[in-house]
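Note sheet for the following structure.
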Amino acid sequence: MFDKILVANRGEIACRVIRTARKMGIRTVAVYSDADANALHVTMADEAVNIGAAPSKESYLLADRVLDAAKKTGAQAVHPGYGFLSENAAFSEACKASDIVFIGPPVGAIQAMGSKSAAKQIMEKAGVPLVPGYHGDDQSPAILKQHADDMGYPVLLKATAGGGGKGMREVWSSEEFDEALEAAKRESLSSFGDDRMLVEKYLTQPRHVEIQVFCDQNGNGVYLFERDCSVQRRHQKVIEEAPAPGMNERVRAAMGDAALLAAQAINYEGAGTVEFLLDTDDTFYFMEMNTRLQVEHPVTEMITGQDLVEWQLRVAAGQDLPLTQEQLQINGHAFEARIYAEDPDNDFLPVTGTLSYLQPPEESANVRVDTGVLQGDEVSIYYDPMIAKLIVWDENRDRALSRLAKALREYRISGMTTNVDFLYNLATADPFRKADLDTGFIEKHRDLIFHKSEAELEHYLPLATLFLILKRNQDAYNLASQSTDPHSPWHITNGWRSGSANIHDYHLLINGRDVTVVAEETSPGHFSLSTPAANTEMNVQLSGNLEGSDLHADIDGHRIHASIVAHDGIYSLFTQDAALQFSIVEPDCGDQGDDAEAGFNAPMTGTIVALPVEAGATVKKDQAIVIMEAMKMEHTIRAPADGTVVEFYCQPGDLVDGGAELVNFEATDNE
Ligand code: ADP
């Protein structure tokens, strides 16, 4: 076995590999870019080598730098993780030439699977079932169309060099063919510098089912069953599970055998995944083979009780596979949800920002969190915006699904928009519970998954308001205790004056809505709440206490616990059932922070919506000067004093980073 390996990756997968290496007594070397100098994978490794600037093309993708780092530190092998150099045949070859073991398949296997049509030809020869189609060399449009016509519509055009769903077009009739072909070719040429196409039958309701295979250098091969990755957005996986629901033993064995046949056809070694489309009638077709460890490998680990990274290391060191096919068994059910910094309501666009609050669910035998970030870390534009993988296991699918929903509710992140709520809606949607899966699942159930419940407001507005009341009392108390006369009656009441009606207005932005709440202290510590102007008339009685970020509330006799954390003027509220954000539009007693300077920087990453005044304008204290939108809420940046807006550093429509300077403001010296 190796004494020392280099992990040529970052983020969760680098941490994941390091964890297993450490368990096996193998020392680890991390590589990192300038942006990752303080990243978790760097602190976890025994040694770390800087390999360049933040963009991956200037660091993680530079084979030479990675190899130099391995030589310099005496690493005997390189684990490439997934992405980056993991399927780069030249890199694997260069490792070999330097006598460093590439923890992955032989060069030939990587090359064989590099082209979709070449891979299909190999598989066809090996007798692996393919989606009916044409993947030949004659690329004349007439030939391609003839094949489509013969096959019958719908068909799918795919770029031979494709990946990530690019250069792919559905064609529903012969009339549409020419135009679709041209579009797919154009897209493929611009993405891959190659416009060769293959045509295959388009399955309208397939499931994406893939088989995990493993082969050693001594001629042994096994499959570790299947994963169902049908739930996809933009042809990318969102929630994966193992085993595939409703899979019958005969189909499982046939798919497993076909996958092994595929692996043997290219003299495979190490971990690989053979992807299939499974049709409604249980026929299945080879799609492609990924010659590396997949993102979703943990679900397989959970149901087999195996550590696949350990298997990879053993195989790469020349050992036999740890188990035979007969020794492998499926135990229970596992899900993986990919937690991303992205906005599901905005076409899943990635977002960036600082993880100002990050509290994953507690890990246990049933709940696993694979991550590469800590609270305070940045999700930057440079890399994949995946924050973590949440993996759960239980005895059966129903129980595992309940665990998934619960763990998603306990996943608390603030500082940026994430897909956690979207994942929760998906995991709790009835068709998902019933395992009514196919690759069109998200599209088909849009209404269910993207819903926003109106009822939520009634639930959470009282909690948010109670928090604000208690927090204000606490702040006032803290202020008073610093005062020369802490017992002065002017301090302790903080506006809740005895003898007159103790009424305060709170103007909140919550759930994308603008609400004014009136709170009245009816007896000490008890408040009554009403929303005179809102459509939802409410009148509730509140009391409770606040300890740090924990709010214990009593709302009309219903006790609820919530956590509330603040970042950059936004509060994130988490309960057992929901996570939402709110902010205060105008505190009614002028207790804004004293850091007027901070107001000129973007409180968080977001979009500039409007600049209500012109550059050069003189403005009054509290006048709005910049309006931006972040986390689906508008933020108004106001003048901290009377003064002049000298210059704006942003324009409406700009995407600005949290902390970016937005405006040059000069206060008028009038005192
Ligand atoms: P890429 O390499 O670009 O990701 P794949 O060939 O892996 O493309 O396909 C990605 C996804 O596209 C699959 O998971 C499946 O959802 C869909 N898909 C691919 N081929 C077909 C087909 N013949 N019929 C229906 N859907 C398909």
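Computed from heavy atoms alone, side chains included, the values below leave out hydrogens, waters and symmetry copies. Both counts, for ligands and for their atoms, begin at 1 and track the order of listing.
Side-chain atoms of Leu277 and Phe286, non-hydrogen and from C-beta on, never get closer than 4.5 Å to each other.
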Distance-only donor-acceptor pairs under 3.5 Å for side chains of residues 237-248, two or more places apart:
from, atom 1, to, atom 2, distance (Å)
Lys237, NZ, Glu210, OE1, 3.0
Lys237, NZ, Glu275, OE2, 3.0
Lys237, NZ, Glu296, OE2, 2.9
Glu240, OE2, Arg338, NE, 2.7
Glu240, OE2, Arg338, NH2, 2.7
Glu241, OE1, His333, NE2, 2.7
Glu241, OE1, Arg397, NE, 2.7
Glu241, OE2, Arg397, NH2, 3.1
Asn248, OD1, Arg250, N, 3.0
Asn248, OD1, Val251, N, 2.9
Asn248, ND2, Asp282, OD2, 3.4

Ignoring hydrogens and angles, write down the donor-acceptor pairs under 3.5 Å from the side chains of residues 256-273, residues two or more places apart or on other chains.
from, atom 1, to, atom 2, distance (Å)
Tyr268, OH, Ala271, O, 2.7
Thr273, OG1, Arg227, NH2, 2.9

May I have the list of side-chain donor-acceptor pairs in residues 130-139 shorter than 3.5 Å, sequence neighbours left out?
from, atom 1, to, atom 2, distance (Å)
Tyr134, OH, Asp138, N, 3.1
Tyr134, OH, Asp138, O, 2.9
Asp138, OD1, Ser140, N, 3.0
Asp138, OD1, Ser140, OG, 3.4
Gln139, OE1, Met197, N, 2.8
Gln139, NE2, Gly136, O, 3.3
Gln139, NE2, Met197, O, 2.9

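Taking a heavy-atom cut-off of under 4.0 Å, ligand 1 is surrounded by Lys116, Val131, Leu156, Lys158, Gly163, Gly164, Gly165, Met168, Glu200, Lys201, Tyr202, Leu203, Pro206, His208, Gln232, His235, Glu275, Leu277, Met287, Glu288, Thr439.
With Glu87 contributing its side chain and Gly114 its backbone, the two residues share no donor-acceptor pair below 3.5 Å. Side-chain atoms of Lys389 come within 3.5 Å of backbone N or O of Val295 as a donor-acceptor pair.
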